[in-house]
Protein chains: 2
Amino acid sequence: MFGRGQTGNTKLVKQLNREGILHQLKEKAPLSRADLAKLTELSRPCVSALVDEMIHEGLIHEVGVGQSRGGRKPILLEYNSQAFGVVGAVFEGSTIQLAIADLKGEVRFQYKTRFTQPLDGEMAIEGVERGLAVLLEQSGFDKSRLLGIGLGLPGITQRRDGTVSYAPSTGWMGLPVQKEIEERLGLPVIIDNDVNLMTLGEFYKGAGVGCSNLVFIYVGTGIGAGIMIDGQSYRGAMEASGEIGYMMIGPIGKRGRGEFGVFENNYSVPAIRKKARLVLPDADESSMSIMKQLIEQAHQGKAGARGLLDDVYRHWAYGIANIASLMDPQLLILSGEMVHIGEEGVQAILRLLSEWIPFVPRIKMASLGDQAGIIGAVHCALEAFPSRLKGK
Amino acid sequence: MFGRGQTGNTKLVKQLNREGILHQLKEKAPLSRADLAKLTELSRPCVSALVDEMIHEGLIHEVGVGQSRGGRKPILLEYNSQAFGVVGAVFEGSTIQLAIADLKGEVRFQYKTRFTQPLDGEMAIEGVERGLAVLLEQSGFDKSRLLGIGLGLPGITQRRDGTVSYAPSTGWMGLPVQKEIEERLGLPVIIDNDVNLMTLGEFYKGAGVGCSNLVFIYVGTGIGAGIMIDGQSYRGAMEASGEIGYMMIGPIGKRGRGEFGVFENNYSVPAIRKKARLVLPDADESSMSIMKQLIEQAHQGKAGARGLLDDVYRHWAYGIANIASLMDPQLLILSGEMVHIGEEGVQAILRLLSEWIPFVPRIKMASLGDQAGIIGAVHCALEAFPSRLKGK
DNA sequence: CAGCCTTTGTTAATTATTTTAACTAATGAA
DNA sequence: TTCATTAGTTAAAATAATTAACAAAGGCTG
């Protein structure tokens, strides 16, 4: 039934049932006690007792009465998502994003700093400290109501010991980020890879809502993926899953051992930009999306742009085909630079896929933009520091 | 704690605890009641009660007393793995393999038929019926003690409805295998893809023992993979995971839509054999392992063989690199034709991998040979039809 | 608008299961 | 022989769910 030989006692049942009730309330509020009894398949007295207990603890609120369905009017209940809060934080290049969210994961207050230089470890940690202070002050949120911090950063993170184990781009390897920040801020911290958190964000609040089995692909400075299996983030044996920048796609060339991956060297944004320079000497070197430029120029009939565009679609499709054939996900979410290829680009990729693989997955664009990471960070904290432990 | 909002009552706790006790006994028998109390973190009276109940039901046996550890001698208990049995069955090309195993998954009786022609659906079903009859007669095993049948077949199987959804090689698409056999034999049936079952076999009894996070790769007539995540078989959204024969590795060429995959077309056994014919005109066309031949000839200094061998290693390594970068498995198990490459071949592949990816997974050869499938089938049945439900 | 049926929610008794504490049994070592 | 130790059991207490009965509140019908 549950596997892994875990045992339990009546306390476990109670916790399970409390969780069951909260779970329903988070998804389908407002609900009456009677509704909850039906949904959880618990008896009405049991639901009443647990609900009353949780109302006492402040986890649930009564929010008025509902319409009668031919009898006594139901007393509607809602999850008191304001009882506690969590912090989400994301480091990215030279910026730090911070947010305070409620227990539903809705971001209430947000803050962003941009530094003039790429963050080093010390700056980053100090940045979070100062950012949180500002956020608490401006919002008037009480720090004692914060359950913890979910923190996203580039590179491979070891969630267990809270360190960064591999990060060629930032040089933070070996940094004990979690411990440092926990000591400085006096709040529990959970760290995770930035792409994993974007995946979590899209899963809970974006294009992946309602889908328990998906792969999220991000193309930016690097290329990475996040995996949700059975509603749970899959991080791999050494927390290094989703490092698809290392897939063997495109020319292999010569490269230092253990540096950047082949796929990334050929089809990340910087790589495409470099190729574009050869094909489009008059290309816009601004921060404008390289894919938008390519598409525009291809529409104008420029053969070089058309050729490169097709090449990029083809190789991205290789990556997707590899992922789909191995994992058979319910849904694939495209993000980062990929969102700029539009419906036309997706169709081009789907056309290629249908030539190669028998089961073509559903493909959607990411819907949260650059908020995905911070929203994911918030949910990461909610997963790691559930409020129910507070009540006895 | 458990997620997914499931609820329960005291019955659930009891079942959980019974499972916990059985789980320990399956792994570490013989154990005393006191040992079990420590291992399961249940109280001694509780363990005693549950154990006595299961002894009554015939699930557990007392097997004498053990050495005293400074006090009263413990009464040793063992899981009564002979209480019931399961059947494993595998269809492969023109052969049917059948086995009866005990509750530990140890194969007790085995049977194999070879037909002169490739199996069609009707032949296969009749073959299982007759084979089981023979097996029951020869072994004297009582059919009423069989919990069910685990059945492996090539192609993509839908475990839910028990049909074959995709099988270009056998033409069994749409066949309601499960229902047919259940009706004919009066035993519950669970079906699964053959490579998934081999994976399960290696996981429970072979190279993957003790590793909860692995990918199994099979190269034979086709190329396929099986995935274990967190001790559970991962089958994907449409039960089509592990179809790595469709990875984009090697020349793409022209091919009918939705036929065989690119990787498979280039680096499966038939594909390699075809290439070998060009390089080695005097090659042995017998059933001898093509990799053994290649390696032998390469050792004799034949450049053509050496070149093809390196090419095969390189492209298999591409596949492995793709899998490892996406999934970060704890262990990779090589099987089928791959087991013939030996330590030397594995080293060659590992050397390539370490050039391309930062985290090279542990690699092992499959250890069960052609028994992997049938052993997996047996465990598949054990997972699907647990005996504990029998007792009340 | 009175009576009745329905839905919501609570109360009290019952049931299932675990735990705690105390006890018996068996054994090796001093 | 005695004592400390480990194994296993018994009886009472504790926890939490369910069942059955009831109270509260509202709509509908004649």
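Order of the sequence lines sets the chain letters (A, B, ...), proteins ahead of strands, with each chain counted from 1. Basis for what follows: all heavy atoms, side chains included, without hydrogens, waters or symmetry-related copies.
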| task | Inspect the surroundings of NZ in Lys143(A) and state if more than 12 heavy atoms from other residues, nucleotides or ligands are less than 6.0 Å away. | result | yes
| Separation of atom CG in Leu50(B) from atom P in dT17(C), rounded to whole Å | 9 Å
| said: On the nucleotide dT17(C), are OP1 or OP2 found under 4.0 Å from the side-chain N or O atoms that Lys14(B) carries? | reply: yes
| Closest nucleotide among dT10(C), dG27(D), dG9(C) to the Ser48(A) side chain | dT10(C)
| task | Starting at atom CD of Gln15(A), determine the distance to atom C1' of dA16(D), rounded to an integer number of angstrom. | result | 14 Å
| query | Side-chain donor or acceptor of Arg33(A) under 3.5 Å from a matching atom on the base of dG9(C)? | reply | no
| field | Leu42(B) CG - dA16(C) P separation (whole Å) | value | 20 Å
| request: By nearest nucleotide on DNA chain D, pick out whichever of Pro74(B) and Asn17(A) is the more 5' one. | output: Pro74(B)
| field | Sugar-phosphate, base or nothing in reach of Ser43(B), heavy atoms under 4.0 Å | value | base
| More than 12 foreign heavy atoms under 6.0 Å from NZ of Lys179(A): is that the case here? | no
| Rounded to whole angstrom units, what separation is found between the NZ atom of Lys73(A) and the P atom of dG9(C)? | 13 Å
| Integer-rounded Å distance: dT18(C) P and Leu12(B) CG | 11 Å
| field | Interatomic distance where CG belongs to Leu16(B) and P belongs to dA17(D) [whole Å] | value | 15 Å
| said: Judged by each residue's nearest nucleotide on DNA chain C, which is more toward the 5′ side, Arg44(B) or Arg69(A)? | reply: Arg69(A)
| remark: Leu36(B) CG to dT6(D) C1', in whole Å, measures 15 Å
| Per Lys11(B) side chain, nearest of listed nucleotides dT27(C), dA16(D), dA16(C) | dA16(C)
| said: Please check if the number of heavy atoms outside Glu41(A) that lie under 6.0 Å from its CD is greater than 12. | reply: no
| Whole-Å distance between dT10(C) P and Glu53(A) CD? | 14 Å
| query | Between the side-chain atoms of Arg72(A) and the base atoms of dA25(D), is any donor-acceptor pair under 3.5 Å? | reply | no
| request: Let me know, please, whether Gln67(A) or Glu41(A) comes out on the 5' side of the other along DNA chain D by nearest nucleotide. | output: Glu41(A)
| Base, sugar-phosphate, or nothing: which does Pro45(B) touch, judged by heavy atoms less than 4.0 Å apart? | base
| query | Can a side chain N or O of Thr10(B) be found less than 4.0 Å away from OP1 or OP2 on dA16(C)? | reply | no
| task | May I ask you to check whether Asn213(A) and Tyr234(B) show a side-chain donor-acceptor distance below 3.5 Å? | result | yes
| message | Starting the side chain at C-beta, find the nucleotide from dT18(C), dA7(D), dT18(D) nearest to Lys38(B). | response | dA7(D)
| request: Verify whether one side chain among Ser32(A) and Asp35(A) offers a donor that lies under 3.5 Å from an acceptor in the other. | output: yes
